[in-house]
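Accompanying notes for the structure given below.
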Amino acid sequence: MQKSVQTNNDAPELSSASARIDDLTRQIEHHRFCYYILSQPEISDFEFDELLRELESLETRYPELRSPNSPTQKVGAPPSTEFQQVRHRIPLLSLSNAMSEEELEKWHERLQRAMESYELDSSKVKYVCELKIDGLSIALTYKNGLLVQGATRGNGEVGEEVTLNLKTIKAIPFKLFSKSGNAIPELLEVRGEVYMPVSSFESLNKALTDEGLAPFANPRNAASGSLRQKDPKQTAKRKLSCWAYFAYVTDPHIKQPTSHFETLELLQDLGFPVEPNRMLAKNIKEVEKYCEDWSEKRHHMQYQTDGVVIKTDDRTIWNVLGATAHSPRWAVAFKYPPEEAETVVETVSFDVGRTGAITPTAFLSPVKLAGTTVKRATLHNADQIKRLDVHIGDTVVVRKAGEVIPEVVTVVVSKRPKGAKPVEYPANCPVCDTPLERTGNEVVLRCPNTYGCPTQTKRRIEHWVSRDAMDVDGVGESLIDQLVRDGMIKDPSDLYRLTEEKLLTLERFGAKLAANVLSALEKSKTRPLANLLFALGIRHVGSGGAELLANHFGRLQNLVSANVEDIEAIEGIGPTIAQAVKEYFSNPINIDLIKHLAEVGIQMESPRSNALPTSKAFQGQTFVLTGTLTNMDRHEAEAAIKRMSGKVTSSVTKKTNYVVTGSNPGSKLARAEELGIKVVNEQEFQAMLQTAQSEES
Ligand code: IVH
């Protein structure tokens, strides 16, 4: 049954215009809910557009009445220039994986044991099963029902602020309305997964290849690339959607929900899209049945699912059991086994990477695999080629497992064509002809001509300009290729010595393009220290590691002169990274590079405003949390301690400085008393936090 739409085209006076705008906003939000969430539209697309158009024309006539949260602002918001980094109020953890039914049962046993150790009744525990959507996780913050911030997960602690981009996703509400009279919380943090429906992914890739551009490897990458566009208009074109799966309610007048299943219902009531195939299971057998049922059914969905997320329904269990460094103990991701398909190897190419590693890639006859068309697969290294004994023309089995690019797993020798030639691994670098080497026990062969091999130089500079590094817009692969080929650049510092005159000598280069490149380079000089450290391309230092190093050392020079022990002492940095950092700075070529970078004006220290707040009471102090906190949950408490430069560990030792106790503290309290460690209750802890925060401001 279709409901009629109340449109009104007469020009109203200001006060009635304001009332009409409110009315239209409500109607539009209602129909959006029916369309995106219930999948039961009450009006046609045309009628929906009519409502939007009327709202738009009223806002044009009365610009003072246009709210930044108006539904008309969903598409075509003004371009953002940069992504700000935002520290998540509550860190975004990841999940531990169960790769088989057996591992799921083991997780279940661990959970039961943990519950019993806290004297919780493990026999009645219920589980929420949700399809695990393969997209990227986001954190949305609503203040008094308005979307004020949206961020990517980033490294779990710090993400990118992508509010405007998220606002272009029609499934994400701007403003919350409760269908059944639930109160709107003062502060609501919603976590969810942004994904690209398979059909949108396929048409996007077709459009990209038609334009001669590289397609995305899978819907998850496409979603991530689309959400992280600098211009929200581009994101708006990319048909993204979202499922919400988590909420933290902060409001003195509203109780934080205690059932996760009910939280999902509350989210749906407030206008969020929640994946409809969730189930509340009474025991682990029902969970296993759910996983089994969905192993086939999931292939017929419009979105990719790579597993099932299982969470205990009772959220008080969440607070009591807490998390390991990376994942909560009360949830697990059951992953479906990787998918496989047969196809034919057409050719094999050998590429040189940034670190000189030679990676063989098999080019295949296109084959459908886990919702995408696969045209190439990795052969990993020389040992793998030898083990598989791949021949050109061989039929092979390719496999895709979650995030990994497809790989060749076996050769179907019985289908080998007559006269097929084996794939020969080159003895010399395919680019500079230097004999390849193997270091230590490594399986990869590398071109040792680090600073002479043009492809390695190119890859290093490509890495330098990439988004998570120095983020130099407009300097892409083809420009770097020309510059290296013409001998104009040998290392990243040379980029900053380019002049308009030099750039104009290049093919297809005009004054405008040259000016853009020079200004993008200039802008990149003041990127945060973490970006610079990542950009240097030190082995094993990813963007997360770079951030830890930058936060700790503050200035590049401090890191250069640090010894391995200093580096290893940083929480989150292991011996491999510490050793690699030391080796990097022991190489005179790298020290020269840093000198050159300083000469061209690259900023080498964190600006003061970037420094983390610290407080004497927390700085360098180790905290252990035990029992259930009532005013903040465990994640919030941990995040607050870390924000103040304190550490949180899970067991009480002589090195612990404070044990914070909630209700029903566990054996940690007894241990603290035994060791004479200071014990503070929740009120005392909050008072400590307040004093620390006021010291900061
Ligand atoms: S809960 C602390 N629920 O899977 C709990 N995650 O492998 C964190 N994901 O980073 C996540 N669907 O990006 C949760 N229904 C769901 C999910 C889900 C997909 C993703 C999410 C997370 C990753 C962990």
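What you see below is based on every heavy atom in this structure, not just the backbone, and it leaves out hydrogens, waters and symmetry mates. Read the numbers this way: they start at 1 and go in the same order the structure lists the ligands and their atoms.
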Item to complete: May I ask you to check whether Tyr118 and Trp330 place their ring centres under 6.0 Å from each other?
Response: no
Discussion item. Among all protein heavy atoms in this structure, tell me which lies nearest to atom 9 (N) of ligand 1, with the distance rounded to 0.1 Å.
Written reply: Glu193 OE1, 3.6 Å
Worksheet, complete the sentence: In this structure, atom 10 (O) of ligand 1 is nearest to the protein heavy atom Ser137 OG, 3.7 Å
Worksheet item: What protein heavy atom sits nearest atom 5 (C) of ligand 1, and how far off is it?
Response: Leu95 CD2, 3.6 Å
Worksheet item: Should Glu130 be counted as touching ligand 1, given the test is an N or O pair under 3.5 Å?
Response: yes
Worksheet item: To the nearest 0.1 Å, how far is atom 22 (C) of ligand 1 from its closest protein heavy atom, and which atom is that?
Response: Tyr245 OH, 4.2 Å
Worksheet item: Considering distance alone, does some N or O of Leu93 sit under 3.5 Å from an N or O of ligand 1?
Response: no
Worksheet item: Measuring from the heavy atoms of Lys311, does anything fall under 4.0 Å of ligand 1?
Response: yes
Worksheet item: With a 4.0 Å cut-off on heavy atoms, does Leu131 reach ligand 1?
Response: yes
Worksheet entry | Residues which pass ring-ring contact (aromatic ring centres under 6.0 Å, His included) with His463, listed by chain and number, not counting sequence neighbours | Phe534
Worksheet item: At what distance, to the nearest 0.5 angstrom, does CD of Glu130 lie from NZ of Lys311?
Response: 3.5 Å
Item to complete: Give yes if a backbone or side-chain nitrogen or oxygen of Ser94 is under 3.5 Å from a nitrogen or oxygen of ligand 1, and no if not.
Response: no
Worksheet item: In the protein, what heavy atom is nearest to atom 12 (N) of ligand 1, and what distance, to one decimal place, separates them?
Response: Ile133 N, 3.2 Å
Worksheet entry | Any donor-acceptor N or O pair under 3.5 Å, side chains Ser180, Asp269 | yes
Worksheet item: Between Asp313 and Lys124, is the closest basic N to carboxylate O distance under 4.0 Å?
Response: no
Discussion item. Less than 3.5 Å apart, any donor N or O on the side chain of Glu116 or Ser122 sitting next to an acceptor on the other?
Written reply: yes
Discussion item. Side chains of Arg298 and Thr305 only: does a donor on one sit below 3.5 Å from an acceptor on the other?
Written reply: no
Worksheet item: Of the protein's non-hydrogen atoms, which lies at the shortest distance from atom 7 (O) of ligand 1, and what is that distance?
Response: Lys132 CE, 3.2 Å
Worksheet item: Taking only residues at least two apart or on different chains, which pairs with a member in residues 180-200 satisfy salt bridge (charged side-chain N to carboxylate O under 4.0 Å, His left out)?
Response: Arg89-Glu189, Glu189-Arg191
Item to complete: Name the closest protein heavy atom to atom 2 (C) of ligand 1, giving the residue it belongs to and the distance to 0.1 Å.
Response: Pro328 CG, 3.6 Å
